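Positions are given from 1 along the sequence. Predicted, not measured: the structure shown is a model, and the values here were computed from it.
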Amino acid sequence: YHAEMLNSAALSSARDSQLTGKRIVEELVGEKRQRLQQQLDEVYRTGKSLSIKEVRGPGQGGDLSDERYFDITYQPTCDHKGNLEGIIIFSVDVTDKVLARKRIEVAEQQASERAQELEAIFEAIADPFFIVDAQTGPRRVNRAARELIGIPDTVPTGQLRQNGRLFELYDEQGHCL
């Protein structure tokens, strides 16, 4: 498989700026070279396009320290008789999308860990603690509150009001919550 034509983006990410006319797989080494050869062979053998998402690759000029992510599509091309004559490779830089998703995943993990910490603190409070909504009733109660009014851990807080009034809470004006 030889490179017949490359756009400026492909040329800037290649280690060899004179890639036109050369074998594409020569640009890569080791496992990546073997994988590219297999992918091109599959497209050529089946005549079907192949899309691969978020492939890691070097940055501009083959700079390995500037790692990038690409969505790559191998699209077979045919002559006027329908015979396979080549493969067009489309590559879209999706680095910003991938890095944003990874930042979100890290933030979600941190938020989850923080929520677990806060839950542990809430449950460890020695005094009974109730969080009550005026319309829906008890939203949260800690372990001490459950023990005080005899609510088993198996009863979800959201069902406390549904099971009848186990206790009554009043606001400052004397209205039942």
Side-chain angles (χ1 to χ4, degrees), residues 7-15 27-36 38-39 42-43 48-75 89-177:
N7 65 11
S8 59
L11 286 171
S12 71
S13 67
R15 288 183 307 181
E27 177 69 11
L28 303 172
V29 294
E31 187 179 307
K32 288 184 179 182
R33 177 185 228 166
Q34 189 176 19
R35 195 171 343 158
L36 176 61
Q38 290 170 345
Q39 291 163 348
E42 178 183 341
V43 172
K48 295 180 180 178
S49 65
L50 173 66
S51 294
I52 304 168
K53 303 290 184 190
E54 300 178 4
V55 176
R56 289 184 349 182
Q60 194 166 11
D63 182 3
L64 297 176
S65 66
D66 180 30
E67 189 171 71
R68 310 297 293 170
Y69 292 87
F70 302 92
D71 284 353
I72 301 174
T73 300
Y74 302 93
Q75 182 67 47
I89 303 173
F90 297 96
S91 180
V92 178
D93 188 332
V94 293
T95 303
D96 291 341
K97 178 181 89 168
V98 171
L99 296 179
R101 187 188 69 244
K102 288 183 177 198
R103 284 191 298 272
I104 289 169
E105 289 169 355
V106 167
E108 287 174 341
Q109 178 64 32
Q110 290 170 341
S112 175
E113 290 169 3
R114 184 72 175 142
Q116 290 173 0
E117 290 172 9
L118 292 174
E119 179 66 24
I121 291 169
F122 181 73
E123 288 298 324
I125 295 172
D127 294 324
F129 202 85
F130 299 85
I131 299 175
V132 181
D133 181 278
Q135 281 77 37
T136 61
R139 294 192 43 119
R140 301 278 315 272
V141 295
N142 69 350
R143 184 174 294 121
R146 286 179 175 278
E147 290 173 3
L148 174 70
I149 56 177
I151 302 170
D153 287 342
T154 57
V155 176
T157 304
Q159 290 183 358
L160 294 179
R161 193 110 192 222
Q162 295 170 0
N163 293 339
R165 290 186 183 242
L166 297 175
F167 59 91
E168 291 183 349
L169 298 174
Y170 296 87
D171 64 16
E172 295 82 25
Q173 288 79 33
H175 300 103
C176 181
L177 298 173

Indicate yes or no: at least one non-hydrogen side-chain atom of R114 is less than 4.5 angstrom from one of L118. yes
Pairs touching residues 103-112 that satisfy salt bridge (charged side-chain N to carboxylate O under 4.0 Å, His left out), sequence neighbours left out: R101-E105
What's the shortest heavy-atom distance between A144 and A126, and which atoms? CB-O, 3.3 Å
D71 side chain near K97 side chain, heavy-atom distance below 4.5 Å: yes
From I89 CD1 over to L36 CG, what is the distance, rounded to the nearest 0.5 angstrom? 6.0 Å
Salt-bridge present (R140, E119; N to O < 4.0 Å): yes
Counting N and O atoms only, with roles assigned by atom type, does the side chain of E123 sit under 3.5 Å from a partner on the main chain of R143, one being a donor and the other an acceptor? yes
Please identify each residue that fulfils salt bridge (charged side-chain N to carboxylate O under 4.0 Å, His left out) with E147, with sequence neighbours left out. none
Do you see a donor-acceptor pair shorter than 3.5 Å between the side chains of Q38 and E42? no
Which atom pair, heavy atoms only, marks the closest approach of Y69 to L99? CE1-CD2, 4.4 Å
When rounded to the nearest 0.5 angstrom, what is the spacing between CG in N142 and CD1 in I121? 12.5 Å
With sequence neighbours excluded, residues passing ring-ring contact (aromatic ring centres under 6.0 Å, His included) with F129: F122
Using every non-hydrogen atom in the two residues, find where V94 and E54 come nearest and quote the distance to one decimal. CG2-CG, 4.3 Å
Is it the case that the side chain of S49 and the backbone of Y74 share a donor-acceptor pair, with hydrogens and angles ignored and the cut-off at 3.5 Å? no
Starting at CG of D96, measure out to CZ of R68 and round the result to the nearest 0.5 Å. 6.0 Å
